[in-house]
Amino acid sequence: MSLPRSPGVRREISPTPRYNVYLFTQGVSFMPERYQDSRLFRIRHSTAHIMAQALLEYLPEAKIAIGPPIEDGFYYDFDLPRALNADDLKQIETRMKQIMREDHAFNVREVSADEARAFFKDQPYKIELIDDLVNGRVDDNGNKIAEPASSLTLWTQDSFTDLCRGPHVENTNTINPDAFSISFKMPAGAYWRGDEKRQQLTRIYGTAWETKEELDEYLHILEEAKRRDHRVIGEKLGLFTIVPMVGKGLPLWKPNGAIMRDTLERWLRQVQIDNGYQPVVTPHIGNIELYKTSGHYPYYKDSQFAPIQSDDEEFLLKPMNCPHHIMIYKSEMRSYRDLPVRYAEFGTVYRYEQSGELNGLTRVRGFTVDDAHLFVTPEQLVEEFVNVVKLIQYVFATLGLDDFSARVGIRDPKSDKYTGDDALWEQATAAIIQACQQLGLPHTVEEGEAAFYGPKLDFIFRDVLKRRWQLGTVQVDYNLPQRFDLEYVAADGTRQRPVMIHRAPFGSLERFTGILIEHFGGAFPAWLSPVQALLVPITDKHVEYAQSVAATLRAAGLRVEIDSSRERMQKKIAAARERLIPWLLVMGDRDREANAVSVRLRTDEDLGQMPLSQFVEMASSIVGEKRMELK
RNA sequence: GCUGUUGUAGCUCAGUCGGUAGAGCACACCCUUGGUAAGGGUGAGGUCAUGGGUUCAAAUCCCAUCAACAGCUCCA
């Protein structure tokens, strides 16, 4: 199973629109307006130039590097004589607004390389760019990654001229001075050309929109994202903790988090059993030869924990579960009548992610994959693939995750990091596309997003804040069966090779839980909530009654807690609200006499008094049916 | 991994010019027994991340280590 690699997470959250993306809907392909062609793109690009102008006026000795538009905004990298603070940004921002209120046209002119060099004689970064543009660029392996530019263009507004491909807006006064901000984010370090061996520059990020309303909405989403940060909510709700004594990137699940995870696991395990999967269990380490055979070892060498030496053998903390499952398949002679074989395991794997990549639960060094490997005949492939996708769709739908898209990741034809025959790759890719069409599943196709052994289908989920997360993945694999020489006996008695499907709806329990925390902002559907009902006895005279209510609710399978502290009821309610507990059951004399509870929802809605039996019925059906609503 | 910022009570944070540590929440106890968003009092709790250095004196200044946070392909 190949999961997103560093630095993939950045790309998942803020995907940069690319040229090689095609959107297929119901089998019909069309090209949406590319971001690069949009007015917003030009606004941001032009705003970056205006920022550079303002900064050069402010700090004339600064050297300018590059300043492209990016998703949601733009940045410009500078080599500065001193660090910038919030006040500097404010001043630059004010000057930018002034430039935007004035009338300065953006003008372009074509120049020769020599003219450009002469113009930028005091700007070493620009000189380097000019040289690269003139010569074309090659990567470390000598492969050409950019053709020599046929011409160079200079764009000028007011007193500022930049080496730039364009395009720009017509005039600085067409940009809304109230719809951008550079001071929403502190300047950060970035390396010249992303190379940590080279000069560190100061990057100033900006965001720009057509209207102030769009800017405010964007800033609001950033605030909201901060509020929903799963690390903050995880602390507040007692879900998990990460301590140095255990290790960075190695989260500890506290009881409240563990019950959520366990609930997800038990549910998915049952769904899988209902769909013909068989549970298997495999160890956390394996002989290094296993991974050399699978081909994982060279590909993942840099992101694995060092091998464990023991006597003459070397073991690896397992970076993935597939080789283990393959060995289970291989332990018996298989008949075509046995296929498909579907092995499922919540398998914990370990990867040595770079320390700077680690982030709460969403980027860790040890995580559990809701993994399964299907061994199918070539004839069964499309049907099984379709069934896997349906199962994933069912899982997402149950969780109320309805805004997702699918991405078919295929090989980058220019890269040599893939293994296996071209013919097999084409077969696998065709099978995935065919399955998508059969399902009517809208999907994009992206080059370079395949696993090293085969193409895949990823589900990209957009949460309530419209942030993108890569969730489940399904991969078709002809290569590992070949490497491990897997076989089954066909109807005619010949030995045939099965095809493998790797799949994981959640991807990793850690990451998935982190995403759920942020998506729901800690207000989980009742069936996932660590504590489903908090019982609030009004005085300690009512604790005894609360205990009998708790027993009834627990017998009905609900997770409940009694707040028997000697605080005032109002305070207990305030505390419960902070914990986002779905149901709050207040009980005093009136309730005890009526064998009832007074029900208040997490949403602050007061349902009033309700017979206990009625609440039990309501709550258990909501939990049992995994409904999102609370009444 | 690289760069920067940060590290003080379980949590969130204050701590001035170097003079041996504080608040709120949480916790314990006492008073209060209250019907839907935080009652009052008392108390306990800290090798100021770790190790070294400077100084009569270090939470504070310097160095190193560890950890957290942010940024690090987005190719003029």
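What you see is a predicted model, and the numbers here were worked out from it, not measured in a lab. Throughout, protein chains are lettered first and strands after them, A, B, ... in sequence-line order, and every chain is numbered starting at 1. All heavy atoms count here, side chains included; hydrogens, waters and symmetry mates do not.
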Cation-pi check, [X] onto [Y] ring (under 6.0 Å, within 45° of axis):
| X | Y | answer |
| --- | --- | --- |
| A:R44 | A:F74 | no |
| A:R365 | A:Y350 | no |
| A:R109 | A:W155 | no |

- Message: Listing request: all side-chain hydrogen bond (donor to acceptor under 3.5 Å, both in side chains) pairs with a residue in residues 111-120 of chain A, at least two apart in sequence or in separate chains.
- Response: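 Output for this query lists A:S112-A:E115, A:D114-A:R117, A:R117-A:D131.
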- Using a cut-off of 4.0 Å on non-hydrogen atoms, how would the nucleic acid contact of A:Y205 be classed: base, sugar-phosphate, or nothing? sugar-phosphate
- salt bridge (Lys or Arg N to Asp or Glu O under 4.0 Å) partner of A:E518, the single match among A:R467, A:R511, A:R228: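 Exactly one candidate clears the test, A:R467.
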- With pairs taken as Watson-Crick or G-U wobble and both distances under 3.5 angstrom, which stems of at least three consecutive pairs involve RNA chain B?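 So far as stems of 3 or more pairs are concerned, RNA chain B shows B:1-7 with B:66-72, B:10-13 with B:22-25, B:27-31 with B:39-43, B:49-53 with B:61-65.
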- Please determine if a side-chain N or O atom of A:N359 lies less than 4.0 Å away from the OP1 or OP2 oxygen of B:rA68. no
Please list, for nucleotides 2-9 of chain B, all pairs of protein and nucleotide N/O atoms separated by less than 3.5 Å.
| from | atom 1 | to | atom 2 | distance (Å) |
| --- | --- | --- | --- | --- |
| B:rC2 | O2' | A:Y191 | OH | 2.2 |
| B:rC2 | O2 | A:Y191 | OH | 2.5 |
| B:rU3 | O4' | A:Y191 | OH | 3.2 |
| B:rU3 | O4' | A:Q200 | OE1 | 2.8 |
| B:rU3 | O2' | A:Q200 | OE1 | 3.2 |
| B:rU3 | O2' | A:Q200 | NE2 | 3.4 |

Can you name the atoms? Protein N/O to nucleotides 31-35 of chain B N/O, anything below 3.5 Å, with the distance.
| from | atom 1 | to | atom 2 | distance (Å) |
| --- | --- | --- | --- | --- |
| B:rU32 | O4 | A:R566 | NE | 2.8 |
| B:rU32 | O4 | A:R566 | NH2 | 2.3 |
| B:rU33 | O2 | A:T539 | OG1 | 3.3 |
| B:rU33 | O2 | A:D540 | N | 3.3 |
| B:rU33 | O2 | A:D540 | OD1 | 2.8 |
| B:rU33 | N3 | A:D540 | OD1 | 2.3 |
| B:rU33 | N3 | A:D540 | OD2 | 3.4 |
| B:rU33 | O4 | A:D540 | OD2 | 3.0 |
| B:rU33 | O4 | A:R566 | NE | 3.4 |
| B:rU33 | O4 | A:R566 | NH2 | 3.1 |
| B:rG34 | N7 | A:I538 | O | 2.8 |
| B:rG34 | O6 | A:I538 | O | 3.2 |
| B:rG34 | O6 | A:D540 | N | 3.4 |
| B:rG35 | O6 | A:D589 | N | 3.1 |
| B:rG35 | O6 | A:R590 | N | 2.8 |
| B:rG35 | N1 | A:D591 | OD2 | 2.7 |
| B:rG35 | N2 | A:D591 | OD2 | 3.1 |
| B:rG35 | N2 | A:S598 | OG | 2.6 |

- Does A:R351 pair with A:E357 as a salt bridge, N-O distance under 4.0 Å? no
- A:G247 or A:E235: which one's nearest nucleotide on RNA chain B is closer to the 5' end? A:E235
- Message: Contact list please: residues 574-583 of chain A against RNA chain B, heavy atoms, distance less than 4.0 Å, in numerical order.
- Response: A:A574, A:R577, A:E578
- Task: Pick the C1' atom in B:rG43 and in B:rA64, then give their distance to the nearest Å.
- Result: 40 Å
- Pairs touching residues 561-588 of chain A that satisfy ring-ring contact (aromatic ring centres under 6.0 Å, His included), sequence neighbours left out: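 Residue pairs with at least one partner in residues 561-588 of chain A: A:W583-A:F615.
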